[in-house]
K.L.:
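I'd like to ask some things about the structure below.
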Amino acid sequence: MKCCRLVLAAMAGMLIVAGLVGAYSNGTSFEAVTGAPGESTCADCHNNLNTGSGSATITAPAGYQPGDTMDITVSVQHSGQSIWGFELTVLDATASPVGEILVTDAVRTQHATAVSGREYIKHTLDGSDASKANNTDWSFQWVAPPTDVGLVTFYMAAVAGDEAAGPNGDYTYTDTHSMLATAVVDVTGSSLPGKLALSQNYPNPFNPATTVEFDLPVRSRVALTVFNVLGQQVKVLHEGILPAGSYRTRWDGTDARGSQVVSGVYFYRLQTEESCAVRKMVLLK
Ligand code: HEC
């Protein structure tokens with residue numbers, strides 16, 4: 001592997017010396033250089049890996065809810081630079097691809113679903129924002145996997161370039177962002193709730209997703225489950241022990257397999273060792 005990289009770097013060096021534009025910068029090929037396990041970075045061909053005064057930053061929620069579509073932004077900054085690029089991939093703890101990247105700005109970003117078995121997003125040449133001074137950023141979305149798959153990590157490598165051909169004056173930066181599934185988010189305020197409560201979901205009726213909140217007066221084993229009108233279990237939103245507190249979760253209108261369910265009335269039930277609460281909600285497409 002190391003050997004291949006050296007050859008690649010040497011070839012790229014020749015391209016740069018010859019003043020040719022490498023395949024990478026024509027905006028169509030993906031080189032798998034995000035710094036993820038088994039990958040090198042843009043510093044194969046560009047200079048100054050994580051040694052400049054700039055930075056690359058991935059901004060994403062602290063946790064994912066299975067099946068959720070989340071907004072992600074990547075930013076690159078380096079004072080005085082004027083042309084920018086990035087590439088990003090998302091992997092689980094075993095370095096396997098996880099979730100799905102959605103391109104929301106096809107002028108500035110592009111997407112490849114399978115390069116060395118992984119999924120990537122990167123800047124297009126347009127998106128590299130020539131002449132944009134000091135910084136730039138790109139936004140896209142990521143769809144979390146339909147089930148809790150444990151730790152998920154975003155890996156990004158980015159270049160802050162100087163518009164001159166060749167690696168001199170270019171800076172390469174990397175960043176990672178890790179998150180765990182947070183099917184249930186702790187929203188406990190300044191005081192602990194006095195009694196068990198299951199709030200009416202909002203919005204209701206809803207399409208495609210709705211929020212459910214509940215209060216736990218004592219630490220309990222909790223199951224929060226969605227049922228259809230026939231009483232059949234549709235999806236478990238949370239199962240496990242939670243400390244006393246106030247919690248929020250979301251149902252995205254999918255069943256346990258991640259498929260969209262049909263319009264209609266559904267019930268959500270909060271069950272603890274001590275008690276139980278049920279409410280009705282309406283999915284209206
Ligand atoms: C295989 C070699 C290679 C790799 C790897 C590579 N590039 Fe490049 N890149 C080039 C070449 C060659 C050019 C054109 C010459 C130049 O401008 O330096 C270029 C130019 C660019 C430019 C325009 C810069 C300028 O100063 O004109 C950007 C932006 C860029 N690359 C971003 C990236 C990013 C981001 C990565 C990593 C995700 C990356 N490149 C990885 C070879 C590479």
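Below, all heavy atoms of this structure are taken into account, side chains as well, without hydrogens, waters or symmetry copies. Start at 1 with the first residue, then count along the sequence. Atoms within a ligand are numbered from 1 in the order they appear, just like the ligands themselves.
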K.L.:
Shortest non-hydrogen contact from V33 to A157?
P.N.:
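Result for this residue pair: O-CB, 3.2 Å.
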
K.L.:
Suppose I only count heavy atoms of D170 and a 4.0 Å limit; which atoms of ligand 1 are within that range?
P.N.:
18 (O), 26 (O)

K.L.:
Going by the ring pair (Phe, Tyr, Trp, His ring centres under 6.0 Å) test, which pairs reach into residues 251-285, not counting sequence neighbours?
P.N.:
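For residues 251-285, and leaving out neighbouring residues, the ring pair (Phe, Tyr, Trp, His ring centres under 6.0 Å) pairs sorted by first residue read F206-W251, W251-Y266.
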
K.L.:
Hey, is NZ on K285 packed in by over 12 heavy atoms from elsewhere, all under 6.0 Å?
P.N.:
yes

K.L.:
Show the atoms of ligand 1 that are less than 4.0 angstrom away from any heavy atom in V33.
P.N.:
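Listed by number with element, the hits are 37 (C), 38 (C).
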
K.L.:
What part of D162, side chain from CB on, backbone N/CA/C/O, both or neither, has a heavy atom under 4.0 Å from ligand 1?
P.N.:
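The answer is both.
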
K.L.:
For atom 7 (N) of ligand 1, which candidate among H46, K122, H123 holds the nearest heavy atom?
P.N.:
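It is H46 that holds the nearest heavy atom.
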
K.L.:
Check ligand 1 against E87 and write out every atom of the ligand that is under 4.0 Å from a heavy-atom position of the residue.
P.N.:
38 (C)

K.L.:
Do other residues, nucleotides or ligands put more than 12 heavy atoms under 6.0 Å from the CD atom of Q233?
P.N.:
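It does: Q233 CD has more than 12 such atoms within range.
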
K.L.:
Do L216 and L224 share a hydrophobic cluster (ILVMFWY, side-chain heavy atoms under 4.5 Å, transitive)?
P.N.:
yes

K.L.:
Using the ring of each side chain (for Trp, its six-membered ring), is H123 parallel, tilted or perpendicular to W138, with breaks at 30° and 60°?
P.N.:
tilted

K.L.:
Do N201 and T211 have side chains that approach each other closer than 4.5 Å (heavy atoms only, starting at C-beta)?
P.N.:
no

K.L.:
Return yes or no for this condition: an N or O of F86 is under 3.5 Å from an N or O of ligand 1.
P.N.:
no

K.L.:
Under 4.0 Å from a heavy atom of E31: give me the atoms of ligand 1 that qualify, with their elements.
P.N.:
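Reading through ligand 1 atom by atom, the close ones are 1 (C).
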
K.L.:
Could you list the atoms of ligand 1 found under 4.0 angstrom from a heavy atom of V159?
P.N.:
32 (C), 33 (C), 34 (C), 35 (C), 36 (C)

K.L.:
Counting backbone and side-chain atoms alike, is an N, O or S atom of C42 positioned under 2.8 Å from atom 8 (Fe) of ligand 1?
P.N.:
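False for C42.
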
K.L.:
Number the atoms of ligand 1 from 1 as they appear, then name those within less than 4.0 Å of a heavy atom of I83, with their elements.
P.N.:
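In order of numbering, the contacting atoms are 23 (C), 24 (C), 25 (C), 26 (O).
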
K.L.:
Would you mind running through ligand 1 and noting each atom that sits below 4.0 Å from a heavy atom of A164?
P.N.:
17 (O), 26 (O)

K.L.:
What pair of heavy atoms forms the shortest contact from T89 to E119, and how long is it?
P.N.:
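In this case the closest contact between T89 and E119 is OG1-O, 2.6 Å.
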
K.L.:
Would you mind listing which atoms of ligand 1 come within a distance below 4.0 Å of any non-hydrogen atom of G85?
P.N.:
29 (C), 35 (C)

K.L.:
Can you sort out the partners of W84 under ring-ring contact (aromatic ring centres under 6.0 Å, His included), two or more places apart, ordered by chain and number?
P.N.:
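Listed in chain order: nothing, the list is empty.
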
K.L.:
With a heavy-atom distance limit of 4.0 Å, tell me whether E163 approaches ligand 1 through its side chain, its backbone, both, or neither.
P.N.:
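The answer is the backbone.
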
